[in-house]
Amino acid sequence: MEYMSTARAAALVNGAVTDEFRLYKGLRQRDHLSMFLFILVTEVLHLMFKKAEELGVIEGVKDVLLGKSISYLQFADDTILFLRAKEAVVRNLKYVLHCFELFSGLSINFQKSCMVGFGVEEEFLFRMATICKYKIGLLPFNYLGIPLGADPRKISS
């Protein structure tokens, strides 16, 4: 029985053959292809959130922009979720994220995640944070270097 231990390939670019290059198993963090694959995978997360909201499994914050609902914002590998403070919604969110982990093979670092409540009882917030294994955050907090919940009229903001 024979098997291939190394492989080489060349590409045809504008009718000209490039130099050969070695093929390796897997992707590394700085591979150009890994960025595109990550975009494809996060598109799946976007579609999962969208479908979950359509089915009423999760519920975003409604009427933020002219009758639109916002359930999340995503930039690169940072995601911020805006959801109704209902136990069923929080449990369903945890389920959607767990399904994403299983389907994609990626791991979500819940130790880096936090939950911030607006107009909810502290006991409820602690219970929901326990379900998700999140820390409880306070306002203001930084998202992509921007202080959320800070007073925009202050110079420090």
Side-chain angles (χ1 to χ4, degrees), residues 3-5 7 9 22-154 156-157:
Y3 63 93
M4 184 174 11
S5 62
R22 288 185 59 190
L23 299 175
Y24 298 94
K25 180 180 175 185
L27 291 174
R28 304 220 188 277
Q29 194 168 15
R30 298 200 190 265
D31 286 345
H32 297 294
L33 186 59
S34 67
M35 292 181 283
F36 296 112
L37 289 175
F38 185 79
I39 290 168
L40 290 174
V41 170
T42 55
E43 179 65 16
V44 171
L45 181 61
H46 159 74
L47 294 173
M48 289 175 75
F49 282 146
K50 186 176 175 181
K51 189 66 170 178
E53 194 166 11
E54 285 173 9
L55 294 172
V57 175
I58 63 172
E59 184 181 346
V61 179
K62 292 183 176 24
D63 296 325
V64 176
L65 298 170
L66 300 172
K68 299 286 182 182
S69 174
I70 295 177
S71 57
Y72 69 96
L73 294 174
Q74 196 168 27
F75 183 79
D77 63 345
D78 285 320
T79 303
I80 187 168
L81 301 164
F82 302 95
L83 300 173
R84 289 282 173 209
K86 295 180 181 174
E87 187 167 344
V89 170
V90 174
R91 287 186 186 278
N92 290 336
L93 167 69
K94 183 72 173 178
Y95 181 73
V96 169
L97 293 175
H98 182 65
C99 288
F100 174 74
E101 284 184 314
L102 291 174
F103 294 150
S104 68
L106 297 175
S107 295
I108 298 170
N109 188 345
F110 292 106
Q111 277 70 40
K112 283 185 165 181
S113 302
C114 74
M115 181 179 288
V116 178
F118 299 97
V120 296
E121 294 178 16
E122 192 173 326
E123 184 269 330
F124 176 81
L125 186 62
F126 279 104
R127 200 169 70 239
M128 296 305 102
T130 303
I131 289 170
C132 292
K133 297 185 176 77
Y134 294 157
K135 294 179 281 187
I136 294 178
L138 298 171
L139 291 177
F141 65 91
N142 283 342
Y143 178 69
L144 302 174
I146 300 169
L148 297 181
D151 187 348
R153 297 170 292 185
K154 290 186 177 179
S156 61
S157 299

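The figures that follow rest on heavy atoms only: side chains count, while hydrogens, waters and symmetry mates do not. Numbering of residues begins at 1 and proceeds along the displayed sequence.
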Does any part of the side chain of Glu87, heavy atoms only, come nearer than 4.5 Å to the side chain of Ile131, both counted from C-beta?
yes
How long is the gap from NZ on Lys94 to CD1 on Ile58, to the nearest 0.5 Å?
14.5 Å
Nearest heavy-atom contact between Ala52 and Val96 is CB-CG2, 4.1 Å
Side chain to side chain, Phe49 and Val57, heavy atoms closer than 4.5 Å:
no
Beyond-backbone contact of Met128 with Val120, side-chain heavy atoms, under 4.5 angstrom:
no
Return the CE to CG distance between Met115 and Leu83, rounded to the nearest 0.5 Å.
8.5 Å
Does Lys135 use its side chain to pair, donor to acceptor, with the backbone of Gln111 at less than 3.5 Å?
yes
Can you tell me how far CZ of Phe124 sits from NZ of Lys86, rounded to the nearest 0.5 angstrom?
10.0 Å
May I ask you to test the Thr42-Phe38 pair for a side-chain heavy-atom distance under 4.5 Å?
yes
Non-hydrogen side-chain atoms of Ile80 and Phe141 separated by less than 4.5 Å
yes
Might you point out which heavy atoms bring Gly117 and Leu125 nearest each other, and give the distance in Å?
N-CD1, 3.8 Å
Near Tyr95 OH, under 6.0 Å, is it more than 12 heavy atoms from other residues, nucleotides or ligands?
no
Working to the nearest 0.5 Å, report the span between SG of Cys99 and CE of Met48.
5.0 Å
Exceeds 12 heavy-atom contacts within 6.0 angstrom, atom NZ of Lys51
no
CA sep, side-chain torsions, deciding dist, call: Val41, Phe103, side chain to side chain contact (heavy atoms under 4.5 Å, CB included)
CA-CA 9 Å; Val41 170; Phe103 294 150; over 6 Å; no
Under 4.5 Å between any side-chain heavy atoms of Asn142 and Pro147, yes or no?
yes
Spell out, as yes or no, whether a donor-acceptor pair under 3.5 Å connects the side chain of Glu59 to the backbone of Val89.
no
Heavy-atom closest pair, residues Arg84 and Val61:
NH2-CA, 4.3 Å
How many angstroms lie between atom OG of Ser71 and atom NZ of Lys62, to the nearest 0.5 angstrom?
9.0 Å
Measuring only between side-chain heavy atoms, which start at C-beta, is Leu45 closer than 4.5 Å to Leu97?
yes
Greater than 12 external heavy atoms within 6.0 Å of Glu54's CD
yes
Rounded distance (nearest 0.5 Å) linking atom CG of Asn92 with atom CD of Glu53:
12.5 Å
